[in-house]
Protein chains: 4
Amino acid sequence: MSTSTPRRGRASGRREATRQRLFDAALSLIAEHGYDVTTVDEIAERAGVAKGTVYYNFGGKEELYTALLEWGVTRLAETLREAVPPPEEGVDERDSLIRVLRAGVVFIGTHEELARMLMAESWRTNRSWYATVHQLRTEAIGVITGQLEQLAGRGRLRPDLDTDLAGSALFGMVVTVALNWRNLQPERPVEDIHTTLAHMADGLIGPA
Amino acid sequence: MSTSTPRRGRASGRREATRQRLFDAALSLIAEHGYDVTTVDEIAERAGVAKGTVYYNFGGKEELYTALLEWGVTRLAETLREAVPPPEEGVDERDSLIRVLRAGVVFIGTHEELARMLMAESWRTNRSWYATVHQLRTEAIGVITGQLEQLAGRGRLRPDLDTDLAGSALFGMVVTVALNWRNLQPERPVEDIHTTLAHMADGLIGPA
Amino acid sequence: MSTSTPRRGRASGRREATRQRLFDAALSLIAEHGYDVTTVDEIAERAGVAKGTVYYNFGGKEELYTALLEWGVTRLAETLREAVPPPEEGVDERDSLIRVLRAGVVFIGTHEELARMLMAESWRTNRSWYATVHQLRTEAIGVITGQLEQLAGRGRLRPDLDTDLAGSALFGMVVTVALNWRNLQPERPVEDIHTTLAHMADGLIGPA
Amino acid sequence: MSTSTPRRGRASGRREATRQRLFDAALSLIAEHGYDVTTVDEIAERAGVAKGTVYYNFGGKEELYTALLEWGVTRLAETLREAVPPPEEGVDERDSLIRVLRAGVVFIGTHEELARMLMAESWRTNRSWYATVHQLRTEAIGVITGQLEQLAGRGRLRPDLDTDLAGSALFGMVVTVALNWRNLQPERPVEDIHTTLAHMADGLIGPA
DNA sequence: GATGAATGAGGGTTCATTCAT
DNA sequence: CATGAATGAACCCTCATTCAT
């Protein structure tokens, strides 16, 4: 995964390169094996630096992980937001929603590791980073919910639906399907996925 | 412990009771905090037995967890299967599917802990119990997929849909929505949830 | 190894049979893997009894082991003693000594497990059974030393030799050679062993 | 720690010193009480380091022990080899052998702990380090056997003797006598020991 | 900026022993 | 006589963290 520089204005050279290496190493390792099971030693080794360097750059394992989560979910939310067609294009609201969902599928296809990491950690209360994850997750879902509200505003949504509920349903569906696709039938064309999701979304929207 | 029952499977009364206590304790603890973070000490303490008893009865932490997973997903699959109306009742295929989904929601509402445990562990490869989880998960999804195939057989399903894909989409949707419901808006009547899911399912089925 | 009933006048039937089974199981297990590494569970299992039975019959692991040691070294000492020709037979003193050594080799060949157990535990101070082992070992060596003294009394021994020292040298030699024989070249005829030992003994006796 | 030495093998000063402390601590403890009974806690404490340091430096208890064994028997074999007079000195073959045996006695007198450790562990099959011990033991015995072969080449050895067998007999004898000496009669002059062993060796060589 | 040796709290596991049946 | 479920102290090992270099 070729992660682009996470924040910090000018790339301060060596330091920034080290941080990036650590970032990538941690992401791949944690996504594959889980946070608890991944050791700082492993992260340092895969990044090709000494163990102390992790602490010098991130302060600790948990901070590194939190940074990872924030960076990841922020990117997801951004990606979804960018998929929303600007009003001036006059795209149909239903198609707008579909575009957002498609963007979600593509994102997960590209950042599979990140997606797995999020799903694994999303359902546990009592974790020090639960608040962070939850807030960010809500932000991502918010983009979808926003589209649903647009539809509702146009009277294009079934009146007995709660947009929050439906938004989270769509989100869960997108992630589950996309992940199953990558894990179980990666040879399948992405269009099949899009079709399935579009149909389910249309179920929410109701007959035109 | 109670009556006489003299032969094998006899004073197993004691043993079986202990196993059950351990089971319950492990389930609640692991679902809440996660597998890695839960200690054998905690499990034993909550079960009200000594630490060694865990090993006497289950062989180890991992075995206990695996037993938990198997038991859990088996129950889920059973519940879904039982929700399928018997053919002689002549229930409409679409309504059959809806009943299965509703049963899923109800199950998660009742066994929230189990559901969280499953979702947290479902997305990680390279875990020693991945095979177990995956197989069992597939079994549960299989019940949904089975209903979709019935619909397809009747020509009631959109022809461009893959039943496996759609099955996993419905499953992920059910779990996500149900869990969000319990976590975020537990005061909401279960009927709202059912409605949302029914609409999305109808999207798959297409206009009657 | 078909151990004959260790003490206790009349064989009290079931009890004695159980004790014997435990004895044999413990001997083979401990000789092979060592005292610390052998578990009471294993002993009980090999003996075909429940774990509690070990405690009912011997009081504990250490007591069982001590009983084993006592029984074993006593048998060794007895065997060596019985090999000493009675004075009335008028056997040459040198030949008497040789007979004792041969008896030692034969004993070890037959009770290899016991011999290994003794060698492994003989050299450690600070063990609760050190005194027992040491005393018994001394008793066995004493038989050899006794023969050397006979020779010395007849003026048949090199005058600058200490019989205690020489006795333990012979003992160590016998055990080492016999064990190496069984372990490394078991196909070799026992006569080769006897020859080697006889020569070394003759070195102590000096030229006739 | 001391000078500058900037490259690899440099600040290893610290690490090497720690390893040595651990080595010494483990040797004395294990030789006294045995491998199984000695705890890593004790070793660390005697070495004056934290428990984790044992694992950082040796990987585990067993590895530490194996390293100990290798180091020990290598030293023994070296000592014996160095005791063999160089050919140009033209030392008599019988005297050569005697010198090797004396060197063995002296070594054991100096490294009593090591010798006890070796004897205790030499007779058990099925230990993970059995192969190591056995191979090294053979190497040490090999030096003695080598001398016997020299004698045989010169026709100075009884023709009916197997050198391997006789070599192990001498080895066992040396160790047993030396250890008994240190344990039971440490006040005795080393010359007495040498005399006894020389006589027994002469028994093998036969009359000049 | 980076390193890596050292730390020690804490976790999983083993096993001799007890005791109610 | 014998059993086997239960116990808990003690063990080996892991790993996030610190800090002198």
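Values reported hereafter were calculated over all heavy atoms of this structure, with side chains retained and with hydrogens, waters and symmetry mates removed. Since this is a predicted model, take the numbers as computed values, not measurements. A note on names: the letters A, B, ... follow the listed sequences, proteins ahead of strands, and every chain is numbered from 1.
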[X] side chain, from C-beta outward: closest of [options]:
X	options	answer
C/Val40	E/dT3, E/dT17, E/dA6	E/dT17
C/Asn57	F/dA2, E/dA16, E/dA6	F/dA2
C/Ala50	F/dC12, F/dT3, F/dT17	F/dT3

Check the distance between [N]'s [atom2] and [X]'s [atom1] and give it to me in whole angstrom.
X	N	atom1	atom2	answer
C/Tyr56	F/dG4	OH	P	16 Å
A/Ile43	E/dG4	CD1	C1'	17 Å
D/Arg15	E/dT7	CZ	C1'	14 Å
D/Leu64	F/dC13	CG	P	10 Å
B/Tyr65	E/dG12	OH	C1'	17 Å
D/Phe58	F/dC13	CZ	P	14 Å
A/Lys61	F/dA16	NZ	P	4 Å
C/Leu22	F/dT3	CG	C1'	13 Å

- Task: Please work out whether the ring planes of C/Tyr65 and C/Tyr35 are parallel, tilted or perpendicular, with thresholds of 30° and 60°.
- Result: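 Correct class here is tilted.
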- Message: Does the plane of the ring in D/Trp71 sit parallel, tilted or perpendicular to the ring in D/Phe23? Use 30° and 60° as the thresholds.
- Response: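 Ring orientation, 0 to 90° scale: perpendicular.
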- Looking at B/Arg14, does any N or O in its side chain come under 4.0 Å of the phosphate oxygens OP1/OP2 on F/dA6?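 Yes, within the criterion.
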- Query: Does C/Tyr55 place a side-chain N or O at less than 4.0 Å from the phosphate oxygens OP1/OP2 of E/dT17?
  - Reply: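 For E/dT17, OP1 or OP2 has a side-chain N or O of C/Tyr55 closer than 4.0 Å.
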- Do other residues, nucleotides or ligands put more than 12 heavy atoms under 6.0 Å from C/Glu45 CD?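 Check fails, neighbour count at 12 or below.
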- Query: Would you say D/Glu62 has more than 12 foreign heavy atoms packed within less than 6.0 Å of its CD?
  - Reply: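 Result for CD/D/Glu62: enclosed.
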- Start with the C-alpha gap between B/Thr132 and B/Glu70, add the side-chain angles, then the distance that decides, and say whether side chain to side chain contact (heavy atoms under 4.5 Å, CB included) holds. CA-CA 7 Å; B/Thr132 305; B/Glu70 280 184 30; 3.6 Å; yes
- Item | Flag side-chain contact, heavy atom, 4.5 Å: B/Val54 against B/Lys61 |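 Not touching, per the 4.5 Å side-chain cut-off.
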- Query: Start at the 5' end of DNA chain F and walk down; is the nucleotide closest to A/Asp36 or to B/Gly48 reached first?
  - Reply: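 First, find each residue's nearest nucleotide; the 5'-ward one identifies B/Gly48.
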- Given that D/Glu42 and A/Thr38 both sit by DNA chain F, which one's nearest nucleotide is further toward the 5' end?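 By nearest-heavy-atom nucleotide position, the 5'-most residue is D/Glu42.
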- Message: Please compare D/Val49 and B/Glu62 by the position of their nearest nucleotide in DNA chain E and report the one closer to 5'.
- Response: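 With D/Val49 and B/Glu62 compared, the 5'-side residue is D/Val49.
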- Query: Between D/Thr18 and B/Asp41, which is nearer to the 5' end of DNA chain E once each is assigned its nearest nucleotide?
  - Reply: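 By nearest-heavy-atom nucleotide position, the 5'-most residue is D/Thr18.
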- Task: Quantify the bending of the helix from E/dA2-F/dT21 to E/dT21-F/dA2 as the angle between its end axes, each fitted on five pairs, to 10°.
- Result: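 For the helix from E/dA2-F/dT21 to E/dT21-F/dA2, the axes at opposite ends meet at about 10°.
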- Looking across every strand, which nucleic acid part, if any, lies under 4.0 Å from A/Val54 by heavy atom: base, sugar-phosphate, or nothing?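 Counting heavy atoms under 4.0 Å across all strands, no contact is made by A/Val54.
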- Message: Applying a 4.0 Å non-hydrogen cut-off, can you work out what D/Thr39 is touching in the nucleic acid: base, sugar-phosphate, or nothing?
- Response: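 Sugar-phosphate: the residue D/Thr39, judged by heavy atoms under 4.0 Å, touches backbone atoms but no base.
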- Test D/Leu27 against D/Met117 for side chain to side chain contact (heavy atoms under 4.5 Å, CB included), laying out the working first. CA-CA 8 Å; D/Leu27 177 58; D/Met117 197 173 81; 4.0 Å; yes
- Reference residue D/Phe58; test side chain to side chain contact (heavy atoms under 4.5 Å, CB included); the match among D/Leu64, D/Val40, D/Ile43: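 The side chain to side chain contact (heavy atoms under 4.5 Å, CB included) with D/Phe58 is passed solely by D/Leu64 among D/Leu64, D/Val40, D/Ile43.
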- Message: Please determine whether any donor N or O and acceptor N or O are separated by less than 3.5 Å between the side chain of B/Lys51 and the base of F/dT7.
- Response: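 Result: no qualifying N/O pair found.
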